[in-house]
Amino acid sequence: MRKAFKGGIHPPEYKEISKDCQITVLEAPERVVLPLSQHVGNPAKPIVNPKDKVVKGQLVAEAQGFVSANIHSPVSGTVIAITKHPSASGIRVESLIIEREESDEEFRYEPLENPEPRSIVERVFQAGIVGLGGAAFPTHVKLSPPEEYPVDTVIINGAECEPYLTVDYRLMIENTDEIIAGALLVKEAVGARRVIIAIESNKEDAAKKIASISPSEIEVVLLPTKYPQGSEKHLIKAVLGREVPQQGLPFHVGVLVQNIQTVIAVKRAVQEGIPLYERVITVSGQAVNNPSNIKVPVGTLVSYIIDILGGLKEDAKKVILGGPMTGIALGRLDVPVTKGTSGIVALSSDIVSRYDESDTCIRCGRCVEVCPMFLQPYLLGTLGRLGRADALIENNVYDCIECGSCSFICPSKRNLVQLIRVGKSIAREVKK
Amino acid sequence: MDISLVLQAVAVLGGLGLLIGALLAYVGEKMKVQIDPKVEKIFELLPQLNCGACGYAGCELAAEAIAKGEAPPNACLVGGEEELKLIGNLLGLKVEKKLYSDKPVVNCGKGRNEVETQFEYEGLKTCAAVNAMGGDIPCSYGCLGFGDCVRVCPFDAVHIGEKGLPVFDLEKCTRCRLCEKACPRKIISFVPNDAGIYVACSNKDIGKNVREVCNVGCIACKICEKNCPNSAFKVEENLAKVDYDKCQLALVCVEKCPTKCIKQI
C-alpha cells in the first residue's frame, strides 16, 4: 500500500449504512428541473422554447464557450418553462422545467467504433459529460491538456473519501467492465502510457474485483483510508509522489484524474452514444428510512427522491446535498439533483453537532496540523471575519480546497471553512 | 581597592558621556527636520477617526495635504463646523462647511422581522456569510438584516430598526459610504441630499417572480415611467430608477405605484 499524503483527518465513515444496497433505478418523476449552470464555467444556453416537445436524450441547452457543457433532457415530454428555480446553493437560477410524458422514444448519438482520440473528446463534449465526483468540471476540457504538457498517467479516482457516500463503491462492484472500458478510452483520448485505479483500503473487495479482470495496462493501487484522499492533488501525491504546483493543474505534472462514474459516462457516450442525463447517487444518513444507491434522472427534485424512498425519520435535523464534509446543507427540499450531486445525506439531531456562536481560537494548532494544503486555517478564519483582503491573499487563501478538515478537528468548534469562504469572496471582491 | 581608580573611571566615562551628549545636541540642532507646525495643529483639529472619506489614508496624511494646499481646508467630510473654521483661520482662508450633497437610502422595503425566513440558519451571523449561501429570506435581493452596515459605521449612524431594516441617523452620518461598500447585496445607495423620493426595492427579477417573494417589491409595471409628468423614471433591468435631475417631486409615482415601493423621504 502507498503512503498517504500529509495532513488530513479520519472522520467516522458510516459507509455500512448504504454499502450493501444494490443500485436500483428510480421511477422517473413527473417533472424535472434542469439548471442551466450545473457545471463549472459558462451556463448553457437553452435551444428549446416553452411548449416544445422533447425526447429523452435530446440536446436542450448548448454549451457556451470552451469551459461549459451541453445539457440533455432526461425524459421525453414538454418544456413547460424556462425560469428561475431554487437551487442547492439557495440561490434561484435559470432552469429548464420539463414535464414527463409516457414515451419510449429516445435520442442517442451514433456509437463510435475504434475511435480516434480526437473523436472521443468530441463525443465527451457532445454528451455533456462533467466530473461526476462532485466538482462538475467539464470533462472535455480535462481531456484536452495543452500540448506542452503531455499526460503520461491517467488516475481513476475510486477513493470516495467522503463519509456516507457509496456510489463509486457500488459502481466498482457492479459495473466493473464499464469502468475498465471507460478508463481505456480516457487513456486513449489523452495518449497516456498507463492507467492507475486508486482505491482506499476500506474498499478492498472492490479493488480485488477490478484487479481480477483488468488487463495488464491497468494497475490497481490501494491507498490508506484518509480524508481528503479523493482530492485530485492529494491523490496524485499519494499515488505517484508528484506534487501539483501552487495554482497548478494535474497536467502540469503529467497526470489526468477522472472519477469512477465519469469514466462510465465516457464509455456509454462513446460506445453506446448515450448522453449524460442520469447518474447514480447515494441516499444515506441516520435519518433516512431506506438508505439506497439509486440511478436518477438529472433534474429530479430531492423532495421527490426522499418521498419515494419512504421519507425521513422524525428526528431528521439536516439534509445535505453531496457528502457531509463538502456538501451543502439544504434550506429547502424542492431543489434538483444536478450532474455534480453525489448523494443526499440526511442527519438526525444526535449526529449534527451543536452550533456555537462563539469564535474563540485557543491556539492549539490542530487545524494547521490537519490542513492538507499546509495553510493556517485559524489565521485565515480570523482574517476572513475581519475582512482583511490583502492579508488573506498573502496567506494563500485561494489555495484552500474547502475540505473541512479544520472545522472537523477544531476543539473550539469554530466555523473555519465558512469564515474562509467569506474571506475568499471578500478577497475576490477587492481584487476586482 | 585604590580610590583613585574609581575616580579615574568616573572621570573618563563621565567625560565621554558629556562629550557625546554635546555632540548629539549639536548634530540634533544642525540636522533638524523641519516639520510644518501647521500640520500638527491641523491634525489636532481633525476628527482623527481615519475614516478615509476625504480620499487620504488617514487624518495625518489629510492634514499634510491640507497644510501643503493640495487639499482644500474643508476636505474633511466628517469634521465639525467649528473645527473646520479653525483650520481655515490657521491657513488664513475663509471656510464654510460644505453641505452634504448626498444622503443614504435603503433600497428594500421589507426587513427580516417582517418576512418568514425559509429555514433555520445556523452559522456565522453576518450579511456577507448568509449572502454567500443564498440568504435565508425569500427575496434574493433584499436586506438580510444581520447588520454588516452597522458594524462598519465609525459614527454610530446606522442601526437595525424595528422592521429589521437599517435606519440612518442623518445627523451623525458623515457620508463616508463605508456602509455602501460593506453591504453584500448593495441595497444601500446614496441619493442627492434634497431628493424627496426613492425606490425601496432592489429586485431585478420579473414581476411575477417578485410577487412570489414580496408584496412591496418593484414589479417593473412601468406605471411610474408612464405617469411621471417630468419623465424622471426609467425601468431598467426590471427595476424602477429615478433620474433625480428631472424629478420635480410631483409625487404621482408615490401615489400610483401599485406595490408602494416608491417612497417619500
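For the numbers below, each heavy atom of this structure counts, side chains included, while hydrogens, waters and symmetry mates do not. This is a predicted model, so every value here is computed, not measured. Below, chains carry the letters A, B, ... as their sequence lines are ordered, and counting in each starts from 1.
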For A:I91 versus B:G134, what's the shortest heavy-atom pair and its separation?
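That would be CG1-CA, 3.6 Å.
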Considering only heavy-atom distances, could you tabulate the donor-acceptor pairs under 3.5 Å between chain A and chain B?
from   : atom 1 : to     : atom 2 : distance (Å)
A:K84  : NZ     : B:D205 : OD1    : 3.2
A:Y355 : OH     : B:G123 : O      : 2.5
A:Y355 : OH     : B:L124 : N      : 3.4
A:Q418 : OE1    : B:L124 : N      : 2.9
A:Q418 : NE2    : B:Y121 : OH     : 2.6

Quick check on the interface: out of B:G135, B:A182, B:G123, B:P184, who has the most heavy-atom pairs with chain A under 4.5 Å?
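The candidate making the most pairs under 4.5 Å is B:G123.
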What part of B:V152 is in contact with chain A, defined as an atom under 4.5 angstrom from a non-hydrogen atom: side chain, backbone, both or neither?
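For B:V152, there is no contact with chain A at all, as no heavy atom is under 4.5 Å.
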What residues form a side chain to side chain contact (heavy atoms under 4.5 Å, CB included) with B:V167, not counting sequence neighbours?
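B:V167: no side chain to side chain contact (heavy atoms under 4.5 Å, CB included) contacts found.
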